[in-house]
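Here the structure comes first, spelled out in structure tokens, and everything after it is commentary.
Remember, it's a predicted structure, so these values are computed and weren't measured experimentally. Note that the numbering runs from 1 along the sequence shown for the chain.
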Amino acid sequence: MKLTKYTHACVRLEKDGKVLLVDPGSFTEDAAFEGVDAILVTHEHQDHLDVDRVKGIDAPIWTNAGVASQLGELGERVQIVADGSVFEAAGFAVRAYGKDHAIILPEMGVPCENVGFLIEDAVYHPGDSFTQPDRKVHTNLVPISGPWFALPPAVEYARAVDAVQTIGIHDALLSPIGQGMMQRFINAEDRPYQQLNPGTTVEVN
């Protein structure tokens with residue numbers, strides 16, 4: 001399986017000639033949308049969901065109820081999933097985890113629903129949360145910036161998830177200096193950390 005990181009929180013996975021796109025938001029490059037067979041969306045914020053471009057792609061979408069309400073006109077193209085759901089999207093086996101977006105400010109409460117996705121029991125995308133999968137993964141995608149982000153829970157999450165490697169995502173707000181700082185905090189001998197430039201592809205074995 002190939003994983004290509006795009007700007008901020010979007011990743012594209014390719015396997016057996018099929019393409020699965022996760023969290024194509026407003027920062028996502030057009031190239032990410034080419035030849036997409038299915039889409040996963042963790043939550044409704046525009047940096048994870050570009051509504052107009054997603055509507056323009058003839059591909060099925062798996063997401064939570066909050067996002068589905070924004071895509072109602074797409075009818076059966078949209079499938080609602082929740083914590084514990086197990087399904088197949090364009091030949092990719094997927095498990096859903098969690099239900100809440102991380103808190104931004106206490107007075108705001110939970111801003112919206114959020115569901116993480118474990119794809120092929122190999123790549124885990126938590127969306128805007130630090131919800132952990134219940135099994136070992138090959139590649140753990142770790143959010144490293146954002147208005148809800150805090151360093152201690154991010155490092156705790158990276159340490160707790162049993163992964164072969166970690167890759168930083170949700171990084172559009174960081175300068176190169178900030179990205180280097182996150183690598184210093186998250187990198188570990190037993191789960192090496194990678195910060196990928198947009199458009200970079202890696203193999204997931």
Side-chain angles (χ1 to χ4, degrees), residues 1-14 20-29 32 40-43 45 47-48 83 94-106 110-111 114-205:
M1 186 164 58
K2 293 181 178 180
L3 181 153
T4 303
K5 182 190 181 300
Y6 287 93
T7 295
H8 201 49
C10 179
V11 297
R12 173 184 166 113
L13 299 169
E14 299 177 58
L20 180 65
L21 193 62
V22 186
D23 277 9
S26 56
F27 304 132
T28 302
E29 294 83 353
L40 307 179
V41 179
T42 63
H43 67 285
H45 290 159
D47 56 331
H48 295 254
D83 182 37
V94 185
R95 296 175 182 270
Y97 291 87
K99 62 184 182 66
D100 291 336
H101 188 289
I103 298 294
I104 298 173
L105 291 172
V110 176
N114 182 95
V115 61
F117 295 110
L118 176 58
I119 301 141
E120 290 289 304
D121 276 348
V123 176
Y124 182 62
H125 193 309
D128 279 10
S129 80
F130 292 128
T131 300
Q132 299 174 20
D134 62 353
R135 62 199 64 207
K136 182 180 178 65
V137 305
H138 180 277
T139 300
N140 183 28
L141 304 177
V142 182
I144 60 171
S145 72
W148 56 274
F149 174 84
L151 180 60
V155 173
E156 181 181 357
Y157 163 80
R159 290 173 176 171
V161 174
D162 190 5
V164 175
Q165 68 174 355
T166 57
I167 293 176
I169 60 167
H170 212 265
D171 54 356
L173 298 182
L174 287 182
S175 69
I177 294 172
Q179 291 179 353
M181 181 188 71
M182 294 308 304
Q183 179 161 6
R184 186 170 75 251
F185 281 114
I186 295 177
N187 189 58
E189 184 175 348
D190 60 342
R191 44 169 175 76
Y193 175 85
Q194 294 191 66
Q195 184 62 42
L196 303 180
N197 293 323
T200 302
T201 299
V202 295
E203 295 284 343
V204 178
N205 298 318

Which residue is it: [options]? I am looking for the one with a side chain to side chain contact (heavy atoms under 4.5 Å, CB included) to [X].
X: Met1; options: Glu120, Glu14, Glu203; answer: Glu120
X: Phe117; options: Val41, Leu141, Val94; answer: Val94
X: Tyr193; options: Asn140, Ile186, Ile167; answer: Ile186

What I'd like to find out is whether the side chain of [X] reaches to under 4.5 Å of the side chain of [Y], using heavy atoms alone.
X: Lys99; Y: Asn114; result: no
X: Ile119; Y: Leu13; result: yes
X: Val11; Y: Tyr6; result: no
X: Thr28; Y: Thr7; result: no

Test Ser129 against Asp100 for side-chain contact (heavy atoms from CB on, under 4.5 Å), laying out the working first. CA-CA 7 Å; Ser129 80; Asp100 291 336; over 6 Å; no
To the nearest 0.5 Å, what is the distance between [atom1] ([X]) and [atom2] ([Y])?
X: Arg191; Y: Thr139; atom1: CZ; atom2: OG1; answer: 13.5 Å
X: Asp128; Y: Asp23; atom1: CG; atom2: CG; answer: 8.0 Å
X: Glu156; Y: Leu151; atom1: CD; atom2: CG; answer: 11.5 Å
X: Tyr124; Y: Tyr97; atom1: OH; atom2: OH; answer: 7.5 Å
X: Leu40; Y: Leu20; atom1: CG; atom2: CG; answer: 4.5 Å
X: Gln165; Y: Asp190; atom1: CD; atom2: CG; answer: 12.5 Å

State whether the number of non-hydrogen atoms from other residues, nucleotides or ligands found under 6.0 Å of Lys2 atom NZ is greater than 12.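 No - once you tally the heavy atoms of other residues, nucleotides and ligands closer than 6.0 Å, there are 12 at most.
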Do other residues, nucleotides or ligands put more than 12 heavy atoms under 6.0 Å from Ile177 CD1?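 Counting neighbours around CD1 of Ile177, 12 or fewer heavy atoms of other residues, nucleotides or ligands fall under 6.0 Å, so no.
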If I compare all heavy atoms of Asp47 with all of Phe27, which pair ends up nearest, and what's the gap?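 The pair with the smallest heavy-atom distance is CB-CE1, 3.7 Å.
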Please report the closest heavy-atom contact between Leu174 and Ser145, naming both atoms and the distance.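 Scanning both residues, the minimum pair turns out to be CG-CB, 3.7 Å.
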Classify the ring geometry of His170 against His8: parallel below 30°, tilted from 30° to 60°, perpendicular beyond 60°.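 Rings of His170 and His8: tilted, as their planes differ by 30° to 60°.
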Please work out whether the ring planes of His48 and His43 are parallel, tilted or perpendicular, with thresholds of 30° and 60°.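 Because their plane-to-plane angle lies in the 30° to 60° range, the rings of His48 and His43 count as tilted.
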Answer yes or no: is there a donor N or O on one side and an acceptor on the other, between the side chain of Asp83 and the main chain of Gly98, under 3.5 Å?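 A pair under 3.5 Å: yes.
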Between Arg12 (side chain) and Ala32 (backbone), is there a donor-acceptor pair under 3.5 Å?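 Yes, the answer is positive, given that a donor and an acceptor are paired below the 3.5 Å cut-off.
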Evaluation steps, side-chain contact (heavy atoms from CB on, under 4.5 Å), between Val137 and Asp162: CA-CA 6 Å; Val137 305; Asp162 190 5; over 6 Å; no
Run the salt-bridge test on Arg95 and Asp134 with the 4.0 Å N-O cut-off and return the result as yes or no.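 Salt bridge: no.
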Is a salt bridge present between Asp171 and Lys5, judged by a nitrogen-to-oxygen distance below 4.0 Å?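 Salt bridge present between Asp171 and Lys5.
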Using the benzene-type ring in the case of Trp, are the ring centres of Trp148 and His45 under 6.0 Å apart?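 Here the rings of His45 and Trp148 have centres that are no less than 6.0 Å from each other.
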Is there a donor-acceptor contact under 3.5 Å linking the side chains of Thr166 and Gln194?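 Distance-only check fails for Thr166 and Gln194.
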Evaluate Met182 against Asn187 for side-chain contact (heavy atoms from CB on, under 4.5 Å), listing each step before the verdict. CA-CA 8 Å; Met182 294 308 304; Asn187 189 58; over 6 Å; no
